[in-house]
Amino acid sequence: MFRKGKAFLEVLAIMLHEDYKFPVLELFVFLFVLSTFILMSPTSFQAITFHYTKERMIYALISAQMDIPGIPFLIFLILVLKNIAYGFGSDFEKGTIQVLLSYPLRRSALLTAKLISGLGIPLVMFVGIGIFALYVLFPKLVLNGITYIVISYLAFLSYGLLITAIILLLVIYLKRSGAPLAVGMAFCFLRIIARGLLDLYVEATKRTTPLKIISIFDSSLALRYYCEHTIWSPSSSEVMGYVIISYCLVLGLFLIAYYYFSRRLDI
Amino acid sequence: MREIIVAEDLHKSYGRIVALRGLNLKVHEGSIMGLIGPNGAGKTTTIKIILGLLRPDKGEVYVFGENPWDNPKIKREIGVIYEKATFPEYYKVLDYLRRVCRIYGEPEQRAKEVLELVGLEAYNRTIKNLSAGMLQKFAIAHALIHHPRLIIADEPASNLDPEARSKLLDLILRLHKEEGVTFLISSHILPELGRVCDSVAIINKGKILASGNLMKLFKKYSIRAIRISTDKPNDFANALKRLSYVEDISVDDKGVLLTVKEEAEREVYEDSLRIAKEIGATILGIEMGVTSLEQLYHRVIRIGGDV
């Protein structure tokens with residue numbers, strides 16, 4: 001007998017099978033675990049030596065694994081770009097999407113399956129391993145500061161999710177894999193360059209407006225200044241505000257992608 | 001009989017290119033309808049709109065009484081064979097079809113049944129390693145998994161060898177007869193399509209020029225062709241082309257097929273004997289009153305649909 005939920009799970013299984021053909025996932029998990037521990041160990045040593053506050057220590061530890069150009073974040077981004085830009089884009093280019101759309105599922109369900117496979121799995125893996133590594137190194141810190149850890153992860157992930165939403169929109173609009181892949185990579189480098197230039201500009205002019213604007217797209221910047229208390233010292237509620245705004249932006253882009261894919265897209 | 005597909009006044013453009021201009025189409029339950037037309041006529045666009053892959057700019061389409069864009073549940077009743085289907089390529093043939101069985105709630109042994117039905121034995125080969133012909137067989141098996149009531153096929157015989165083509169036509173006729181499956185088949189291979197279709201829709205420049213029961217269309221368009229079997233069909237056809245009463249002429253594997261003005265049927269016989277003598281050909285037989293889908297197609301395209 002046909003059941004809609006079962007059909008969804010089967011389509012999700014098809015997407016997982018294609019996205020994580022052995023040994024992609026296993027290899028990425030290995031690299032991720034390795035790089036997380038390697039990067040966090042000196043940071044933790046530094047944090048203990050300089051007697052960081054709890055919040056600053058959590059920030060330092062999480063930024064070691066999450067901040068661009070950190071290797072763990074790069075691994076996460078490569079996985080997402082591979083699955084969303086290359087994988088989903090190729091489905092359009094090759095015509096696999098037509099076969100998937102011939103199954104009795106709503107288009108929105110198909111996109112959800114793709115996002116769970118392409119983004120959800122790397123995200124769970126990435127955050128899960130990160131928190132586990134933190135727990136192994138600092139069990140008390142994790143137990144006492146879990147709320148701050150969650151907020152820090154949310155802040156650090158906002159830019160990555162923004163890139164994902166943009167490349168998803170591009171894939172759906174262009175029905176191609178190449179251009180979204182290039183744009184995704186460009187956005188990563190853009191962030192590194194923009195951060196460097198921003199630091200120089202702020203140091204020279206002492207103006208904080210650009211920091212506030214960039215924090216809308218990348219709330220980890222507000223978190224950084226909240227912890228470091230240098231030229232700009234946003235309050236904790238301001239940091240929360242930036243996190244919420246950045247996620248509203250991400251959510252808005254994903255909703256546009258859902259609407260366009262479900263209601264407008266000609267295949 | 002109930003109408004399974006109803007398309008009303010469909011319009012579709014891709015930028016400046018107009019693909020459909022007020023297309024109307026009806027497919028009745030239990031029929032095998034051929035959708036034929038030249039390249040770029042709008043066949044694939046029509047099929048994609050029927051499948052809910054494209055939205056028409058204007059007009060409505062109903063499949064089993066529902067709008068295919070808004071009601072994915074009707075896909076439970078539809079099997080699709082795409083011309084160039086691409087499946088998730090890292091799956092093995094049998095494994096993928098087993099998963100498709102689970103999508104539709106069919107028992108897993110159905111996967112082997114459909115593979116046997118289409119004559120594809122490479123159960124454990126990865127989909128990406130299938131040849132073009134094997135992939136086409138796989139696509140046909142994939143479309144049959146859930147016992148669909150309607151099968152929409154876009155060039156289903158492309159990439160198939162003559163034997164596999166013939167088997168496909170037998171399979172279509174069998175499914176139609178035994179399970180009452182309705183077919184909408186778009187194809188360029190008219191003689192083979194003519195073997196299975198009971199109705200046809202001829203499309204050109206985004207419009208249906210003629211559609212309906214094949215026999216009625218033959219009658220409406222006065223398709224009474226004459227087949228001349230000869231040992232020199234091409235020379236014969238060239239000579240016949242010069243005669244003023246010849247309307248259409250083509251050469252197939254059985255000889256020369258021509259349509260003539262109704263009053264000229266007697267003259268064909270006499271002129272054929274004369275031409276045979278002139279070019280040194282032997283006439284093996286003359287068959288009057290032959291009906292052919294190819295002749296109908298050429299005639300409808302030439303006169304633009306109206307008689």
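Here is the naming used below: chain letters follow the sequence lines, and residue numbers restart at 1 for every chain. What you see below is based on every heavy atom in this structure, not just the backbone, and it leaves out hydrogens, waters and symmetry mates. Predicted model only: the values in this text are computed from it and were never measured.
- Shown here for Q98(A) and L53(B), the closest heavy-atom pair between the two residues is CG-CD1, 4.1 Å.
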Quick one: do K94(A) and F87(B) satisfy side-chain contact (heavy atoms from CB on, under 4.5 Å)? Show the steps, please.
CA-CA 9 Å; K94(A) 292 178 184 169; F87(B) 294 87; over 6 Å; no
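- A salt bridge is absent between K48(B) and D266(A); no separation between the charged side-chain nitrogens and carboxylate oxygens falls under 4.0 Å.
- The shortest heavy-atom contact between Y91(B) and A13(A) is OH-O, 3.6 Å.
- Counting non-hydrogen atoms of other residues, nucleotides and ligands closer than 6.0 Å to OH of Y260(A) gives a total above 12.
- Within the 4.5 Å cutoff, side-chain heavy atoms of I103(B) are placed close to those of P104(A).
- Remark: R102(B) CZ to K6(A) NZ distance equals 6.0 Å, nearest 0.5 Å.
- Side chains of E18(A) and P88(B) form a contact here, defined as non-hydrogen atoms less than 4.5 Å apart.
- E89(B) touches chain A through backbone and side chain together, each having a heavy atom under 4.5 Å away.
- In the displayed structure, K175(A) atom NZ is contacted under 6.0 Å by more than 12 heavy atoms of other residues, nucleotides or ligands.
- Taking a 6.0 Å sphere around CD of E121(B), one finds it holds 12 or fewer heavy atoms contributed by other residues, nucleotides or ligands.
- Counting non-hydrogen atoms of neighbouring residues, nucleotides and ligands closer than 6.0 angstrom, the OH atom of Y123(B) exceeds 12 such neighbours.
- Between L51(B) and S102(A), the closest side-chain pair of non-hydrogen atoms is not below 4.5 Å.
- A 6.0 Å sphere centred on OH of Y173(A) holds no more than 12 heavy atoms belonging to other residues, nucleotides or ligands.
- Here the closest heavy-atom approach between residue Y82(B) and residue V99(A) is recorded as CE1-N, 4.2 Å.
- In Y258(A), the OH atom is crowded: over 12 heavy atoms of neighbouring residues, nucleotides or ligands sit closer than 6.0 Å.
- Only the backbone of S262(A) comes within less than 4.5 Å of a heavy atom of chain B; no side-chain atom from C-beta onward does.
- Taking a cutoff of 4.0 Å between a charged side-chain nitrogen and a carboxylate oxygen, D70(B) and R263(A) qualify as a salt bridge.
- Side-chain contact between K73(B) and L105(A) is absent, with no heavy-atom pair separated by less than 4.5 Å.
- Summarising the geometry of I14(A) relative to R99(B), their closest heavy-atom pair is CG1-CD, 3.3 Å, with the distance given to 0.1 Å.
- In this structure a side-chain-to-backbone donor-acceptor pair under 3.5 Å is missing from T86(B) to G95(A).
- A centroid separation of less than 6.0 Å is found between the aromatic rings of H142(B) and Y103(A).
- With a 4.5 Å cut-off on non-hydrogen atoms, L265(A) touches chain B through its backbone but not through its side chain.
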